[in-house]
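Each chain gets a letter, A, B and so on, in the order its sequence line appears, and its residues count up from 1.
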Amino acid sequence: DSGVTQTPKHLITATGQRVTLRCSPRSGDLSVYWYQQSLDQGLQFLIQYYNGEERAKGNILERFSAQQFPDLHSELNLSSLELGDSALYFCASSVGPTGSYNEQFFGPGTRLTVL
Amino acid sequence: GNSVTQMEGPVTLSEEAFLTINCTYTATGYPSLFWYVQYPGEGLQLLLKATKADDKGSNKGFEATYRKETTSFHLEKGSVQVSDSAVYFCALSPSRGNNRLAFGKGNQVVVIP
């Protein structure tokens with residue numbers, strides 16, 4: 001158990017809908033990362049937050065947005081869903097924002113299926 | 001940009017066999033290199049890491065050496081067990097500026113008793 005929790009574990013929805021994925025980082029970690037794992041694209045970095053502020057942005061679509069709240073949990077919002085958004089979404093957390101010593105601990109993921 | 005390339009295809013081998021998974025990278029500067037493992041139905045776990053050239057990361061019998069001259073970080077284990085069956089990902093973190101990880105495609109390893 002990494003200490004990072006993600007809910008829900010599974011999500012099934014229809015095209016055009018909007019969903020929210022939730023992540024709680026390990027106790028004491030200030031940085032949260034979101035990654036998408038799909039069969040065709042592999043594991044891709046989406047976005048990073050540090051202590052409530054956006055820190056880095058990767059291949060995140062405009063239909064997707066995220067935020068980190070004062071209690072440090074984070075939410076990833078996916079809207080106008082398409083079939084191609086079906087994937088496993090991972091959250092990770094680390095103590096600081098940068099540096100190789102900042103090991104990222106991954107949650108178990110949320111599997112999103114868009115029908 | 002930064003990228004990681006892993007050898008294509010799953011790896012199937014017998015218990016106690018020698019395992020090698022190749023990983024090469026493209027990056028500017030001096031990235032940190034990682035191997036992550038994903039067991040069925042679980043998230044990724046850090047297996048080992050190396051933060052500078054010639055460093056050797058090791059954990060649970062697995063080893064990988066950061067080779068800057070060949071831009072490689074191959075994973076090896078001398079004698080695999082059935083419990084090592086999992087997907088293995090090579091990843092890098094840039095040398096400065098941010099902590100985002102760039103992952104390879106991953107290799108499914110299946111160890112047969």
Heavy-atom side-chain proximity of B:L46 to B:N59 below 4.5 angstrom: no

Which atoms of A:Y35 approach chain B - backbone, side chain, both or neither, heavy atom under 4.5 Å: side chain

Part of A:Q41 lying under 4.5 Å from any heavy atom of chain B: backbone

Per-residue contact mode, A:D40 against chain B (heavy atom under 4.5 angstrom): backbone

A:Y89 and A:L78, any side-chain heavy atoms less than 4.5 Å apart: yes

Structural part of A:S31 lying under 4.5 Å from a heavy atom of chain B: neither

Test item: A:L61 and A:D85 side chains (from C-beta on) under 4.5 Å apart, heavy atoms: yes

Partner chain B: residue of A:V4, A:I47, A:L43 with the largest heavy-atom pair count (under 4.5 Å): A:L43

Matching residue for B:I21 among B:F62, B:F73, B:Y88 - test: side-chain contact (heavy atoms from CB on, under 4.5 Å): B:Y88

Pairwise side-chain contact, A:Q6 with A:F90, heavy-atom cut-off 4.5 Å (strictly under): yes

Per-residue contact mode, B:Q38 against chain A (heavy atom under 4.5 angstrom): side chain

